[in-house]
Protein chains: 2
Amino acid sequence: MPSPDLAFRAHDHARCAASALHAAQTLCAARNLRLTPARARVLEILLEAHRALGAYEILERLREDGQPAQPPVAYRALNFLCENGLAHRIERLNAFVACVDPQAEHDAAFLICRRCDRVAESPRDQDAGHLGAAAADAGFAIERTVVEALGLCPDCQGGQP
Amino acid sequence: MPSPDLAFRAHDHARCAASALHAAQTLCAARNLRLTPARARVLEILLEAHRALGAYEILERLREDGQPAQPPVAYRALNFLCENGLAHRIERLNAFVACVDPQAEHDAAFLICRRCDRVAESPRDQDAGHLGAAAADAGFAIERTVVEALGLCPDCQGGQP
DNA sequence: TCTTGTCCTGTTACAAGGTAACAGTTAAGC
DNA sequence: GCTTAACTGTTACCTTGTAACAGGACAAGA
């Protein structure tokens, strides 16, 4: 898996995007999922941006391709991508990022820069310490866990808040 | 601090609401904050509901008190309550809960029932395992962390999904 | 090859969540 | 009492998300 802080370091975006797209194609073929042109295009947009994008930003870019596009177009593709572990929703931002390491549905943790909106995905500590125990205690059945840390990335530190 | 699973157990709501409201008053007095009638009323509404409420649900209840009320009224009160640790925003639901143990600004973790929207607050494992380390590694400065587990509470398990 | 069912797309119309900006009012400090 | 800062009321608007329905593509089996 790529290093968790990759998003915050200089690197070859084009190459990491291409490799993620390829991984997505492989994964879909293996699982008999249809990575249709619309879905692939949305994934590509996310990969190119390499940061969290709102659904309406994605829509704009779809429109730049020449077609009109209404909100459900973006949301359907995003739902597909999120359900299949190819992208993640960032609740805090009402936005979406491509997954750097697509694989079967998986929870992840995120470092979100509140200045530049770049998002780094970090592998998840499975039972999340206390929380798993507290849930078991309460008889609560956890299905999915969102972990989002908000702060400043290295580039945005130093300087005004 | 109240047991983390309190929200999922039968208990005397009226009493726990009254005690939380009292704690809030004490805390505001101590910190020289103005718990104005509008703010207190919103907190009371949250405490009575004893689950996550959307801003517009809160608005409805404010209107039931007889006054008209526009969205900024609710949002201002909610901002005040969240900033001062008297309530928490649940990102996943775009909703708010009263804090069961008001105190200086603090992060918490939540167990959210996706059927009945009840929310239990659990004390937070401070550095959240891997994440703190990954952040340090990346040079990322964490300011606030959101941890939300989605699932089914004891009462909503068994039966349809 | 035709048919049928299933999944995907296009589009309209709207619901829900959230905020900027400005005018007026209250409270606290001097 | 006067000034200043903080809070409230209101208008108007922007952003995010979804329900519902019609039409199209495609694979599987008769």
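This structure is a prediction, so every number in the text was calculated from the model and none was measured. Heavy-atom basis, side chains included; hydrogens, waters and symmetry copies ignored. In the text below, chain A, chain B and the rest are named by the order of the sequence lines, each starting its count at 1.
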**Asked** Less than 4.0 Å between a side-chain N and a carboxylate O, is that true for A:E48 and A:R61?
**Response**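 So A:R61 does not pair with A:E48 through a salt bridge.
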
**Prompt:** Thinking salt bridges, do A:E44 and A:R41 make one under a 4.0 Å N-O criterion?
**Reply:**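 Between A:R41 and A:E44 there is a salt bridge, with a charged N closer than 4.0 Å to a carboxylate O.
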
**Request:** Please figure out whether A:P71 or B:P71 has its closest DNA chain D nucleotide nearer the 5' end.
**Result:** B:P71

Please report, rounded to the nearest Å, how far the [atom2] atom of [N] is from the [atom1] atom of [X].
X: B:D65; N: D:dT8; atom1: CG; atom2: P; result: 15 Å
X: B:N79; N: C:dG17; atom1: CG; atom2: C1'; result: 13 Å
X: B:E60; N: C:dA15; atom1: CD; atom2: P; result: 14 Å
X: A:R63; N: C:dG10; atom1: CZ; atom2: C1'; result: 13 Å
X: A:Q67; N: C:dG10; atom1: CD; atom2: P; result: 7 Å
X: A:N32; N: D:dA27; atom1: CG; atom2: P; result: 11 Å
X: B:Y56; N: D:dT15; atom1: OH; atom2: C1'; result: 11 Å
X: A:L35; N: C:dC7; atom1: CG; atom2: C1'; result: 15 Å

Is the backbone of [Y] close enough, under 3.5 Å, to the side chain of [X] for a donor and an acceptor to pair up by distance?
X: A:R51; Y: A:C116; value: no
X: A:R118; Y: A:C113; value: no
X: A:E148; Y: B:V146; value: no

**Message:** Determine whether A:R144 and B:R92 satisfy the following criterion, side-chain contact (heavy atoms from CB on, under 4.5 Å), listing intermediate values before the conclusion.
**Reply:** CA-CA 11 Å; A:R144 184 171 132 57; B:R92 176 73 196 209; 3.3 Å; yes

**Message:** As a test of understanding, state which of A:L86, A:N84, A:L21, A:L81 forms a side chain to side chain contact (heavy atoms under 4.5 Å, CB included) with A:P102.
**Reply:**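 Result for side chain to side chain contact (heavy atoms under 4.5 Å, CB included) with A:P102: A:L86.
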
**Item:** Positive for side chain to side chain contact (heavy atoms under 4.5 Å, CB included) with B:L78, one of B:V42, B:V73, B:L43
**Value:**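 Passing option: B:V42.
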
**Asked** Can B:L62 and B:Q67 be said to form a side-chain contact (heavy atoms from CB on, under 4.5 Å), step by step?
**Response** CA-CA 7 Å; B:L62 285 174; B:Q67 311 273 339; over 6 Å; no

**Request:** Enter the distance from B:I112:CD1 to B:E91:CD here, rounded to the nearest 0.5 Å.
**Result:**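 Here the interatomic distance stands at 9.5 Å.
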
**Item:** Donor-acceptor pair present, A:R76 side chain and D:dG17 base, under 3.5 Å
**Value:**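 No, no donor-acceptor pair under 3.5 Å.
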
**Prompt:** At under 4.0 Å between heavy atoms, what does B:R39 touch on the DNA or RNA strands: base, sugar-phosphate, or nothing?
**Reply:** sugar-phosphate

**Prompt:** Looking across every strand, which nucleic acid part, if any, lies under 4.0 Å from B:A38 by heavy atom: base, sugar-phosphate, or nothing?
**Reply:** sugar-phosphate

Check every atom of [options] against the side chain of [X] and return the nucleotide holding the closest atom.
X: A:R34; options: C:dG10, C:dC7, D:dT16; value: C:dC7
X: B:A55; options: C:dG18, C:dT12, D:dT11; value: C:dG18
X: B:Q70; options: D:dT10, D:dG17, D:dA20; value: D:dT10

**Asked** On DNA chain C, nearest-nucleotide positions of A:P68 versus B:G54: which is more 5'?
**Response** A:P68

**Message:** How bent is the helix from C:dT1-D:dA30 to C:dC30-D:dG1, measuring the angle between the end axes built from five pairs each, rounded to 10°?
**Reply:** 30°

**Asked** Looking at DNA chain D, which of residues 88-98 of chain A put a heavy atom within less than 4.0 Å of it?
**Response** A:R89, A:N94

**Request:** Answer yes or no: does a side-chain N or O of B:Y75 lie under 4.0 Å from OP1 or OP2 of C:dG18?
**Result:** yes

